[in-house]
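Here is the naming used below: chain letters follow the sequence lines, and residue numbers restart at 1 for every chain. Note that this is a predicted model, so its numbers are computed, not measured.
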Amino acid sequence: MTTETPTNFIHQIINEHNESGRFEGRVHTRFPPEPNGYLHIGHAKSIGLNYGTAVKYGGKFNLRFDDTNPTKEEQEYIDSIIEDVRWLGADWEDRLFYASDYFQQLYEWAVQLIRDGKAYVDHLTAEEIREYRGTLTKPGKNSPYRDRSVEENLDLFQRMKDGEFEDGTCVLRARIDMESPNLNMRDPVMYRILHTDHPRTGSAWCIYPMYDWTHGQSDSIEGITHSICTLEFEDHRPLYEWCIENLGIYAPQQIEFARGNLTYTVMSKRRLIQLVRDGHVRGWDDPRMPTIAGYRRRGYTPEAINDFWDRAGVAKANSTIEIEMLEHSIRQDLNQRALRRMAVLDPIKVVLVNYPEGQTEELDAINNPEDESAGTRKVPFSRELYIEREDFMEDPPKKFFRLAPGREVRLRYAYFITCTDVIKDADGEIMELRCTYDPATRGGDAPDGRRVKATLHWVSADHAVDAEVRMYEHLFSVPNPYDVPEGEEFTYHLNPNSLTILSGCKIEPSLADAKPGDRFQFERQGYFCMDPDSADGAPVFNQTVSLRDTWAKIQNQKA
RNA sequence: UCGGGGAUAGUUUAACCGGCAGAACGCCUGGCUUUGGACCAGGUGGUUGAGGUUCAAAUCCUCAUCCCCGAGCCA
């Protein structure tokens, strides 16, 4: 038995169970996805909570697919979910299960209930069932088929299973209480007829159990102690307990918690599917999607995602967390581990007029100031360079510290340079900057102790590699995308600038060796992850998140 | 209208049996800096409301208010 410091109300409940001996000190959780879509970051909360709880108490964690509705479920989703849960770091060891593994047992239990007079085959139509159910305020009334004999029910249920009836002709219902104030207890449907092949059981079954008739018993079979689910199942708990009690089987404890929402994000599977199907994004793993696959491609780490949910906490109050908190977690993680590289996203050429033509130097650059073991690398330097267009202003405002006519700045790990000339084309567009460099400042330090207010990143023009860089903004332009004018859809606030593709970016040559999935900090810009779309000699990077940017903040304040 | 849940800084949360409301993110200052990054120091800001019990209430009691979920042969 362990009593751990509770970090949330669920752990407190577990401590109480451990003290009372309810589960003999056992802790066994599970993550039960329905394979009808890709996992999103909200699921990561549940995965982290279930797996983290098991680890905390030295217990076990199962992965179990809730695959009871073959009309919506697909193998593609099963595969992606397995990959995502594994990527997030949750370890189910050899306990990968499917609710469909239990179809036979569930069927036998249904027969048991029929024998006990606690279930019956109902021939009411779907619409009639709805009418008979009553409303939130009005009690329901009994189906005329409710009092069929055990023999008749047994026969009918057998024939349902044997495929004698078409979809929708009848259902098996639990016989509970049509007047219950809890609508879930008004004779809930246990089985419906679906002549649809199942991804795992094929055509073996044409009747499929409903969630309420499956979930609790699956938990029970697996010896789950704490069946953690979201708030909307609170009303189902009495039914969950009814099934188990009337079957006389081992009883786990269902506990509900609030799912977490994010600002600037929609998270329901229905909406996500729509974004994919209607082409608002490039697929389930589009880096703008809040899916696990999307975040992975974007460059997020599982550690950052788990850290984020740890910080967010677990409670029963509905909440929408500011996306800045997620961004903080990924910045913090990547700051520790990402190698630094220089990349010029919007290049402008700089010519060092006093630097010898044809000369090239190899300068030392630190790979990660936060991690000495990451070492250093050589970066080529020459007479013609690229710097960031926005790092120069011809007529700089007061707080602009970067390059300007007559001003001296440092090129990182290289030299101090001073801008002497601005070359423009006929339209007045700046084409090139002419600068002088100070040979005494090699490496970036002035022996005379003189200081500059800015350090710029740069790339040698002759040695630069061209790259495509995909910059992202939030998929939605407002914190609450659901807040739309009367009659408008949730797509109303879709951000037209959520993706900006930059081509002709100039990146330092060492980046040519990168592999898809590799993450870097582009100095002074942010974190970037190489995209699988990359080809030999044609690298593509996704912006994971920008660096914190006080200059941008100053500019925004003025705007 | 019936049933079930919930309400603590801008956001997300902590506060055991009633005992100084604490943190993270954000925001604002300042320091430091070869990334306007990172880091360091400081600051702003809160118990939904009204009563009651108590030496003492976020916590207990009463009455309100507001929010979420529920009428799939979805999960």
Side-chain angles (χ1 to χ4, degrees), chain A residues 6-8 12 32-34 36 66-69 71-73 122 124-126 129-131 133-140 167-173 180-186 188-194 208 210-212 214-215 229-238 256 258 260 263 269 308 310-329 331-332 335-336 340 342 365-366 369-370 399-402 410-414 416 441 443-445 451-457 479 521-526 546-554:
Chain A
T7 46
N8 58 53
Q12 199 151 331
E34 185 193 11
N36 66 345
D66 229 325
D67 55 348
T68 58
N69 185 357
T71 65
K72 292 190 176 168
E73 297 155 5
D122 195 349
L124 251 26
T125 65
I129 285 183
R130 193 186 327 127
E131 282 161 14
R133 186 155 33 224
T135 69
L136 296 176
T137 49
K138 276 209 309 275
D167 290 7
T169 48
C170 54
V171 293
L172 183 73
R173 291 229 255 170
S180 170
N182 181 345
L183 300 240
N184 295 123
M185 300 300 269
R186 318 240 263 227
V189 172
M190 295 160 63
Y191 277 93
R192 74 289 218 191
I193 300 170
L194 252 28
Y208 290 96
M210 300 286 289
Y211 165 86
D212 285 309
T214 306
H215 203 91
C229 61
T230 45
L231 253 28
E232 69 269 26
F233 292 102
E234 217 148 11
D235 282 347
H236 293 247
R237 190 173 356 115
E256 311 84 13
T263 54
K269 277 188 197 171
F308 162 70
D310 281 348
R311 287 170 194 263
V314 178
K316 292 195 73 164
N318 294 308
S319 63
T320 301
I321 305 160
E322 290 175 339
I323 201 156
E324 286 80 0
M325 213 186 298
L326 209 212
E327 293 175 344
H328 174 262
S329 288
R331 283 194 185 107
Q332 187 182 264
N335 177 50
Q336 295 306 315
R340 271 57 168 175
M342 292 199 283
I366 294 167
E370 304 293 325
K399 286 182 177 166
F400 185 85
F401 302 150
R402 285 109 96 147
R410 171 169 41 234
L411 294 182
R412 179 145 234 226
Y413 302 124
F416 284 14
T441 58
D445 273 314
R451 320 196 70 128
V452 289
K453 289 185 86 170
T455 301
L456 309 186
H457 61 279
Q521 183 196 102
F522 290 173
E523 295 226 18
R524 302 207 309 133
Q525 308 272 8
S546 69
L547 249 27
R548 278 186 63 224
D549 188 346
T550 20
W551 169 239
K553 205 171 282 175
I554 290 167

Next item on the list: Examine B:U13: is either OP1 or OP2 under 4.0 Å from a nitrogen or oxygen in the side chain of A:Ser319? Give yes or no.
Entry: yes

Exercise. Please check the phosphate of B:G37 (OP1 and OP2 only) for any side-chain N or O of A:Thr550 closer than 4.0 Å.
Key: yes

Side chain to side chain donor-acceptor pair (under 3.5 Å) test vs A:Thr455 passes for just one of A:Glu523, A:Arg410, A:Arg412, namely A:Arg410

With heavy-atom distances below 4.5 Å as the criterion, would you say the side chains of A:Arg340 and A:Ile366 are in contact? no

Which value, in whole Å, describes the distance between the P atoms of nucleotides B:C32 and B:A50?
48 Å

| When we call it a touch if two heavy atoms are under 4.0 Å apart, what does A:Thr320 touch: a base, just sugar-phosphate, or nothing? | sugar-phosphate

Identify whether any heavy atom of A:Ile193 sits under 4.0 Å from a base atom; if not, whether one sits that close to sugar-phosphate; answer base, sugar-phosphate or nothing. nothing

Sorted by chain and residue number, the salt bridge (charged side-chain N to carboxylate O under 4.0 Å, His left out) partners of A:Glu327 (sequence neighbours excluded) come out as none

Taking the side chain as every heavy atom from C-beta outward, state whether A:His215 and A:His236 have any pair of such atoms under 4.5 Å apart. no

Here the distance between atom C1' of B:U35 and atom CZ of A:Arg412, to the nearest Å, is 5 Å

Sequence neighbours excluded, the answer for salt bridge (charged side-chain N to carboxylate O under 4.0 Å, His left out) partners of A:Arg173 is A:Asp122

B:G10 versus B:G26 - spacing of their C1' atoms, nearest Å
7 Å

Closest heavy-atom pair, A:Leu547 versus A:Arg331, reported as atoms and distance to 0.1 Å, is C-NE, 3.8 Å

Is a donor-acceptor contact shorter than 3.5 angstrom present between the side chain of A:Arg311 and the base of B:U13? no

From CZ of A:Phe522 across to C1' of B:U35 the rounded distance in Å is 14 Å

Using a heavy-atom cut-off of 4.0 Å across all strands, would you classify A:Val314 as base, sugar-phosphate, or nothing?
sugar-phosphate

Assigned chi class of B:C17 under the 90° convention is syn

Expected output: side-chain A:Asn182 to main-chain A:Asp235 donor-acceptor under 3.5 Å: yes

Rounded to whole Å, CZ of A:Arg402 lies from P of B:G37 at a distance of 11 Å

Review point. What distance, rounded to whole Å, do you find between the two P atoms, one in B:A9 and one in B:G45?
Key: 14 Å

Heavy atoms under 4.0 Å, any strand shown: does A:Arg340 hit a base, just sugar-phosphate, or nothing? base

Kindly say whether A:Ile323 contributes a backbone atom to a donor-acceptor pair with the side chain of A:Thr263 at under 3.5 angstrom?
yes

Looking at every strand, decide which applies to A:Gln521 at a 4.0 Å heavy-atom threshold: base, sugar-phosphate, or nothing. base

Salt bridge (charged side-chain N to carboxylate O under 4.0 Å, His left out) filter on A:Arg402, not counting sequence neighbours, yields A:Glu390, A:Asp391

A:His457 atom NE2 is separated from B:U33 atom C1', nearest whole Å, by 18 Å

Q: Using a 4.0 Å heavy-atom cut-off across all strands, classify A:Leu547 as base, sugar-phosphate, or nothing.
A: base

Per-residue pairing states of RNA chain B in dot-bracket (Watson-Crick or G-U under 3.5 Å; . unpaired, | other strand) read .((((((..((((.....[..)))).(((((.......)))))....(((((..]....))))))))))).....

By nearest-heavy-atom nucleotide on RNA chain B, the more 5' of A:Leu456 and A:Asn69 is A:Leu456

task: Using the C1' atom on both, measure B:U47 against B:C40 and round to a whole Å.
output: 32 Å

* Quick one: does A:Arg192's side chain have a donor or acceptor within less than 3.5 Å of a partner on A:Gly168's backbone? -> no

Would you mind classifying the nucleic acid contact of A:Ala312 as base, sugar-phosphate or nothing, using non-hydrogen atoms under 4.0 angstrom?
sugar-phosphate

Practice prompt. Scan A:Leu124 against the nucleic acid and name what it touches under 4.0 Å (heavy atoms): base, sugar-phosphate only, or nothing.
Written response: base

Its contact letters, B for base, S for sugar-phosphate only and - for none at protein heavy atoms under 4.0 Å, make nucleotides 26-31 of chain B read -SS---

Note to self: Classify A:Asp445 by what it touches in the nucleic acid, base, sugar-phosphate, or nothing, heavy-atom distance under 4.0 Å.
What the structure shows: base

Contact class for A:Phe416 (heavy atom, under 4.0 Å): base, sugar-phosphate, or nothing?
-> nothing

TODO: Identify whether any heavy atom of A:Thr263 sits under 4.0 Å from a base atom; if not, whether one sits that close to sugar-phosphate; answer base, sugar-phosphate or nothing.
DONE: nothing

**Prompt:** Quick one: are A:Met210 and A:Pro188 in side-chain contact, heavy atoms under 4.5 Å?
**Reply:** no

*asked:* Within the 4.0 Å heavy-atom criterion, would you say A:Tyr208 contacts the bases, only the backbone, or no part of the nucleic acid?
replied: nothing

- Sticking with atom P, work out how far B:C61 lies from B:C66, rounded to a whole angstrom. 22 Å

Distance between the P atoms of B:U12 and B:G18, in whole angstroms? 28 Å

Tell me whether the OP1 or OP2 atom of B:C73 has a side-chain N or O from A:Arg173 closer than 4.0 Å. no

Regarding the side chain of A:Thr135, the nearest nucleotide among B:C73, B:A71, B:U35 is B:A71

- A:Arg192 side chain N/O closer than 4.0 Å to the phosphate oxygens (OP1, OP2) of B:A75? yes

Rounded to whole Å, the CD-C1' distance (A:Gln12 to B:C17) equals 13 Å

Separation of B:G70 atom P from A:Glu256 atom CD, nearest Å, is 14 Å

Between the protein and nucleotides 3-6 of chain B, which nitrogen or oxygen pairs come in under 3.5 angstrom?
residue: B:G3; atom: N2; partner: A:Asp235; partner atom: OD2; Å: 2.7
residue: B:G5; atom: O2'; partner: A:Glu234; partner atom: OE1; Å: 3.4

Q.
Between the base of B:U35 and the side chain of A:Gln525, is there a donor and acceptor pair under 3.5 angstrom?
A. no

Applying a 4.0 Å non-hydrogen cut-off, can you work out what A:Val189 is touching in the nucleic acid: base, sugar-phosphate, or nothing? sugar-phosphate

Any side-chain heavy atom of A:Leu326 sitting closer than 4.5 Å to one from A:Ile321? no

Point to revise | side-chain N/O A:Thr68 vs B:A75 OP1/OP2, d < 4.0 Å | key: yes

chi for B:G72 classified (syn = within 90 degrees of 0, anti otherwise) as syn

In whole angstroms, the gap separating P of B:C74 from NE2 of A:His236 amounts to 13 Å

Exercise for the section: With C1' as the reference atom in both, quote the distance from B:G3 to B:U11 in angstrom, rounded to an integer. Expected result: 31 Å

| request: Kindly say whether A:Met185 contributes a backbone atom to a donor-acceptor pair with the side chain of A:Ser180 at under 3.5 angstrom? | output: no

*asked:* With the six-membered base ring of B:A75 as reference, does the ring of A:Tyr211 sit under 5.5 Å away with planes under 30° apart?
replied: no

Nearest-nucleotide check on RNA chain B, A:Tyr413 vs A:Lys72; residue mapping nearer the 5' end is A:Tyr413

**OP:** Scan A:Glu370 against the nucleic acid and name what it touches under 4.0 Å (heavy atoms): base, sugar-phosphate only, or nothing.
**Re:** base

Minimal heavy-atom distance between A:Glu34 and A:Asn69, with the atoms involved, is OE2-CB, 4.0 Å

task: Write down the distance separating the P atoms in B:G46 and B:C69, rounded off to the nearest Å.
output: 30 Å

Here the distance between atom P of B:A71 and atom CD of A:Glu232, to the nearest Å, is 11 Å

